[in-house]
Amino acid sequence: INHIVHNGGLYKRPFNEAFEETPMLVAVLTYVGYGVLTLFGYLRDFMRQWKIEKCQNATEREEQKDFVPLYQDFENFYNRNLYMRIRDSWNRPICSVPGAKVDMMERVSHDYNWTFTYTGRVIKGIINMGSYNYLGFAQNAGTCQEAAAKVLSQYGAGVCSTRQEMGNLDKHEELEKLVARFLGVESAMAYGMGFATNSMNIPALVGKGCLILSDELNHASLVLGARLSGATIRIFKHNNMQSLEKLLKDAIVHGQPRTRRPWKKILILVEGIYSMEGSIVRLPEVIALKKKYKSYLYLDEAHSIGALGPSGRGVVEYFGLNPEDVDVMMGTFTKSFGAAGGYIGGKKELIDYLRTYSHSAVYATSLSPPVVEQIITSMKCIMGEDGTAVGKARVQQLAENTRYFRRRLKEMGFIIYGNEDSPVVPLMLYMPAKIGAFGREMLKRNIGVVVVGFPATPIIESRARFCLSAAHTREMLDTALKEINEVGDLLQLKYSRHRLVPLLDRPFDETTYEETED
Amino acid sequence: MDIKRVKDYIYWLYYQYLLITCSYVLEPWERSMFHTITVTVFAMVVYTAYVFVPIHVRLALEFFSQIFGGQTESTV
């Protein structure tokens, strides 16, 4: 089955995205597993309540036992009974720079993951398949590090003020001009924290009486920003343009809920690459819809900036579109640039407005100078302005690594979600015991992976997420693939029957559409 | 050598059983309790099948053969 979408000539290149359906037997067995764990969870809770067993998690104090219970909901039940049992796959302390290989401190638990002790040994040379190090700029040697060290000796590490008061350094102005030039927009502004960029700036852009159309699988920062703003939020199905168009039509035709007045603003929130699915947004169609219905587009390029596109300028360049079509281009410096912080780019009036009205600009401390220098050096390297071809080579290496890794994993028979070109590779695990087993087996073989379960993903669709990097050499990828193959055979993870679900290209009819309540 | 391969295969099957039923993450005493309950239930199922299935199958076959085969006999 071919998943190439030709939608009125909007796409200049094939768009290959696939989400294979969960095999029925695997789904049933996953529910059986969760059922067993739930029963044992109830048993342990009963024993804890009747003091047969010592209670090691947080509970209310004796005086508060008659009040509304705090720890009775499903999230807390899941936390104490399921998450605690496999907790050793998360929060692992690393003690070196998170490049292609990383060192980790070994820890053991003698009371089934309630407490950990360090053995004192350091596991060296673990192949790092979990860090968001797409272009390999997480280094402790090289031009970026030297430039950052020089700036550290000149400016120090702390800024000690907000952007509006005394925290506006000349380095920040230089960075913002560079970011605007990199993205191809008029002006840009940089903030100290990527999460805070989303959650503090969306309330500055929209308010009550506006409509936000947000994708089903948007990141927590976008959801938080949308809820803080007070605007009406409507969700469209993940990457589904028919659903989005239906919502836009309804919004324009019916207006606000009771008064039927037109909406003040309609803002569409999408991400460039969705980090849990590995899918890329259908940007040409979103921009066509945005222009047709005269709404605004907020594009969160946290994972796609630097990782997509022939010269690393993100998802807009990947599709060959005009950056001026996107009203608000947001991104972070954490992933591809090896630093910290976020930025927003757009028209000059928009950015000047945000400089005064954004909460992050008024109340949050601005970026630290060595971090700014790291961003400036890495961005110049990607653009090729430092005189070498290192940046271009890295972007191409990442694209090659992505295609090779994904192709090999699919050939082995694993279920892999997402687009062919995205460097985020989710490998489906489904069963809860396999989440813990996969993490531990891979660590035994000296490969560090990130495994994800509920609540970051739907409860049966737990996965292992690999993040590829330009710093991974072909040998490292081959080693990793060999080990993944072994562990896949050991744990029986090769579920794929090569039956790919066809993408929803047919027009939406009433039977397939679910609307969130008006 | 063959014995070792067979033992490894049986251990691998046991490991798959642990993973599928999520007893891999349980503590040892919970695991023993779960194994006891599973083995008991499985033994009861096998015993019930052994006692009841042949008799029920024989009765069902007799019933159906009476309907189809015994038509000429009953009209007297």
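For clarity, every value in this text was computed on a predicted model and none was experimentally measured. In the text below, chain A, chain B and the rest are named by the order of the sequence lines, each starting its count at 1.
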Looking at [X] and [Y], does any basic side-chain N land under 4.0 Å from a carboxylate oxygen?
X	Y	answer
A:Arg465	A:Glu277	no
A:Lys434	A:Glu441	no
B:Asp2	B:Arg5	yes
A:Asp478	A:Lys482	no

- Cation-pi geometry met for A:Arg107 and A:Tyr118 (6.0 Å, 45°): no
Contacting moiety of [X], where chain B heavy atoms sit under 4.5 Å:
X	value
A:Asn81	neither
A:Leu491	both
A:Leu43	side chain
A:Ile86	side chain

- Task: Select, from A:Val36, A:Leu39, A:Asn113, the one with the greatest count of heavy-atom pairs under 4.5 Å involving chain B.
- Result: A:Val36
- Query: Top residue by heavy-atom pair count (under 4.5 Å) with chain B, among A:Leu29, A:Val26, A:Thr30?
  - Reply: A:Leu29
- Message: Quick check for you: among B:Leu18, B:Thr21, B:Val25, which has the greatest number of heavy-atom pairs under 4.5 Å with chain A?
- Response: B:Val25
- Heavy-atom distance under 4.5 Å to chain A: side chain of B:Gln16, backbone, both or neither? side chain
- Could you tell me which portion of B:Phe34 (side chain, backbone, both or neither) has an atom closer than 4.5 angstrom to a non-hydrogen atom of chain A? both
- Query: Does one side chain, of A:Lys494 or A:Asn485, offer a donor that lies under 3.5 Å from an acceptor on the other?
  - Reply: yes
- In terms of heavy-atom contacts, A:Ile415 and A:Glu20 come closest through CG2-CB, 3.9 Å
